[in-house]
Amino acid sequence: MSQGGVKRTASPARSISPPPLRRKVESSMNKTAAMNFFTPASQKRPEPIRWRVLGTSLVVGKFTPEKHPQRPQEKDRKVAAFDLDSTLIKTKSGNTFPRSATDWQWWGSMVPQRLRELSSDGFQLVVFSNQKRISIQKDIKAGSADSKSLAMFKEKLAAMMTELHVPISIYAATTDPDYRKPRLGMWNEFHDDYDLDVYGVDMKESFFVGDAAGRPGDHSAADLGFASNAGLKFNTPEQFFLGQAPGQTDGVFNPKSYIEADSREPPVTFTRKHPLELVIFCGSPGSGKSTYFWNHLEPLGYERVNQDILKTRPKCLKVARELLEANKSVAVDNTNANVETREYWISLAKDLNVPIRCVHFFSTPELCRHNNAVRASNKELNPESRTSLPGIAFGDFGRRFQEPTLDEGFEDIIPVKFQFQGTEEARKLWGQFWV
């Protein structure tokens with residue numbers, strides 16, 4: 001019996017082994033990281049660089065230095081936009097492409113200080129760069145050359161942005177043509193990220209600097225075209241950082257200038273000369289042949305023969321013969337680049353005793369490439385759902401081309417320069433740079 005008369009039950013036997021030693025666990029997490037781990041998300045300090053990838057098309061990095069004063073969102077933000085390679089940085093090795101993540105240096109010693117001044121003056125700094133050598137395919141194997149290219153790019157840009165130490169964003173387009181300059185995919189993504197569709201951009205103050213200006217020796221005019229499409233003032237690095245005069249860019253095909261001049265010229269129409277006749281087109285892919293047929297010959301009752309549809313020349317010749325024998329005039333909507341190819345149609349006309357005429361489309365290669373890109377990228381301007389042609393198609397036509405002459409047997413040759421026809425909205429699309 002226990003004290004107070006309460007009966008106790010027997011306790012189970014207790015272990016007499018000594019208590020286990022408590023080992024001190026060493027943590028790999030430092031004090032700052034530990035505090036940040038347990039800090040509510042709303043109170044955590046942001047990482048200096050944040051990366052994200054859009055599908056397999058775009059790499060986006062945003063650098064926000066710690067303790068940097070946050071700029072309040074204001075209307076009409078001033079934007080200072082730059083290309084990357086040969087504009088802000090260049091390789092140390094002198095190679096066109098970097099050998100490693102450390103193979104870079106500033107384009108000029110004045111670049112970082114100038115960028116810091118812009119940031120202090122309230123400009124939003126952003127880089128838009130075409131980076132075709134970066135692969136961000138989802139099935140990349142770890143350790144492969146493609147996976148290393150993206151890692152090397154991030155490491156290089158992280159070093160650049162850290163040294164600069166001001167808020168700046170980078171948009172790097174890989175192979176998707178809708179994101180690559182001169183097209184506006186990166187610019188539109190930047191707009192969305194910073195809510196500029198709401199707050200607006202100060203277009204009078206904003207500008208873009210890039211080295212691809214279409215000058216002799218430049219690899220393209222993509223930067224000049226990008227600035228034009230976005231409505232930004234354009235400078236080359238030599239202009240902006242060194243105060244030099246702009247280089248010569250007279251040879252660049254400018255869609256907006258072309259369409260403005262084009263609107264002042266009367267359209268070249270087509271008139272039927274005979275109740276039954278064969279008309280063949282001669283012109284590069286993208287020179288406007290099909291559009292001209294639908295606007296000018298189809299309303300006059302001509303039947304269209306097109307090798308893109310019928311696939312082979314023999315099939316085209318067979319169909320054309322059948323139509324002519326049925327007393328229907330025919331327009332051959334093919335390139336018909338040289339004398340040898342046109343001879344097939346001249347022989348058919350002679351065999352059937354039908355007059356043959358030629359419409360020669362003499363658009364420049366730059367214009368044709370532009371038409372090809374606009375057509376493939378805009379459904380509203382592509383009623384026949386044409387796919388984009390490779391660059392070799394235009395070079396091949398130029399290599400084979402022989403100007404048509406009356407000596408070949410044509411009754412007449414009608415020269416036609418491409419002229420845009422469409423709505424005001426379509427005109428705005430066509431007037432942008434696309435290649």
Side-chain angles (χ1 to χ4, degrees), residues 28 30 32-33 36 44-68 79-107 111-112 115-116 119 124-181 185-194 208-212 222-223 226:
S28 60
N30 60 37
T32 301
N36 197 43
K44 287 184 179 181
R45 288 184 297 179
E47 294 294 328
I49 303 173
R50 290 183 176 179
W51 294 100
R52 63 188 176 91
V53 176
L54 276 66
T56 58
S57 305
L58 188 66
V59 179
V60 181
K62 185 177 181 179
F63 180 76
T64 307
E66 293 185 8
K67 299 182 180 179
H68 193 281
V79 175
F82 297 85
D83 179 41
L84 179 64
D85 299 304
S86 300
T87 297
L88 293 183
I89 62 174
K90 59 185 179 181
T91 62
K92 287 181 181 177
S93 63
N95 289 2
T96 302
F97 302 108
R99 294 175 175 175
S100 66
T102 59
D103 186 13
W104 73 275
Q105 60 183 331
W106 294 108
W107 181 83
V111 171
L115 295 181
R116 294 183 189 113
S119 182
Q124 177 64 55
L125 300 182
V126 59
V127 176
F128 298 110
S129 177
N130 288 348
Q131 293 288 333
K132 201 168 188 176
R133 290 169 63 87
I134 293 178
S135 181
I136 50 178
Q137 299 298 323
K138 294 181 179 178
D139 57 353
I140 290 178
K141 294 182 179 179
S144 68
D146 286 337
S147 67
K148 291 178 182 177
S149 69
L150 178 57
M152 186 175 78
F153 178 78
K154 286 184 176 181
E155 184 179 345
K156 179 175 68 175
L157 266 295
M160 187 198 89
M161 291 189 288
T162 301
E163 182 176 330
L164 192 60
H165 207 70
V166 294
I168 187 170
S169 292
I170 170 76
Y171 293 78
T174 58
T175 57
D176 189 332
D178 289 334
Y179 281 100
R180 290 175 61 80
K181 295 175 294 186
M186 289 191 286
W187 176 253
N188 293 335
E189 194 67 30
F190 167 65
H191 260 246
D192 290 343
D193 289 347
Y194 285 86
F208 180 74
V209 180
D211 68 300
D223 290 333
F226 178 80

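Every residue two or more places apart in sequence or in another chain that forms a side-chain hydrogen bond (donor to acceptor under 3.5 Å, both in side chains) with D83 is listed here: T87, K181. Partners of S86 according to the side-chain hydrogen bond (donor to acceptor under 3.5 Å, both in side chains) rule, which considers only residues two or more places apart in sequence or in another chain, do not exist here. A search for salt bridge (Lys or Arg N to Asp or Glu O under 4.0 Å) contacts involving D211 returns nothing, not counting sequence neighbours. Listed by chain and residue number, D193 satisfy the side-chain hydrogen bond (donor to acceptor under 3.5 Å, both in side chains) test with Y171 (two or more places apart in sequence, or in another chain). Listed by chain and number, the residues in a salt bridge (Lys or Arg N to Asp or Glu O under 4.0 Å) with D176 amount to none (sequence neighbours excluded). With sequence neighbours excluded, the residues forming a side-chain contact (heavy atoms from CB on, under 4.5 Å) with K154 are W51, L150, listed by chain and number. Remark: T174 engages no residue in a side-chain hydrogen bond (donor to acceptor under 3.5 Å, both in side chains) (not counting sequence neighbours). Checked against side-chain contact (heavy atoms from CB on, under 4.5 Å), P177 has the following partners two or more places apart in sequence or in another chain: R183. With sequence neighbours excluded, the residues satisfying ring-ring contact (aromatic ring centres under 6.0 Å, His included) with F208 are F226.
Residues L125 and P167 share a closest heavy-atom pair of CB-O, 3.8 Å. Looking at every heavy atom in both residues, Y179 comes nearest to S57 through CD1-CB, 3.6 Å. Nearest approach of A172 to Q131, heavy atoms of both residues: CB-CG, 3.9 Å. Nearest heavy-atom pair across T162 and F63 is CA-CZ, 3.8 Å.
Rounded to the nearest 0.5 angstrom, T102 OG1 and K92 NZ are separated by 6.0 Å. Atom CG of D223 is separated from atom OG of S129 by 8.5 Å, given to the nearest 0.5 angstrom. Note that OG of S119 is 8.0 Å distant from CG of L164, once rounded to the nearest 0.5 Å. Distance NE2/H165 to CG/L115: 14.5 Å, rounded to 0.5 Å. Rounded to the nearest 0.5 Å, atoms CG (D85) and CZ (F97) are 8.5 Å apart. Atom CG of L58 sits about 9.5 Å away from atom CZ of F128, to the nearest 0.5 Å.
At a threshold of 4.5 Å between non-hydrogen side-chain atoms, the residues F153 and P98 do not count as touching. Annotation: side chain of M161 is not in contact with side chain of V166 (no heavy-atom distance under 4.5 Å). In this structure, I168 and V127 have side chains that are in contact, with non-hydrogen atoms separated by less than 4.5 Å. Under the 4.5 Å side-chain criterion, counting only non-hydrogen atoms from C-beta, Q105 is not in contact with I89.
Pairs engaging residues 94-106 under the salt bridge (Lys or Arg N to Asp or Glu O under 4.0 Å) rule: none recorded [sequence neighbours left out]. Every pair tested for salt bridge (Lys or Arg N to Asp or Glu O under 4.0 Å) that includes a residue from residues 155-168 fails, sequence neighbours excluded, so the list is empty.
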- Task: Please test L84 against L157 for side-chain contact (heavy atoms from CB on, under 4.5 Å), starting from the C-alpha separation and ending with a verdict.
- Result: CA-CA 10 Å; L84 179 64; L157 266 295; 4.0 Å; yes
- Message: Walk me through whether S169 and K62 qualify under side-chain contact (heavy atoms from CB on, under 4.5 Å).
- Response: CA-CA 4 Å; S169 292; K62 185 177 181 179; 3.6 Å; yes
- Task: Just do the side-chain contact (heavy atoms from CB on, under 4.5 Å) check on V60 and L54 with the steps written out, would you?
- Result: CA-CA 8 Å; V60 181; L54 276 66; 4.1 Å; yes
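Between W104 and W106, the ring-plane angle classifies as perpendicular under the 30° and 60° cut-offs.
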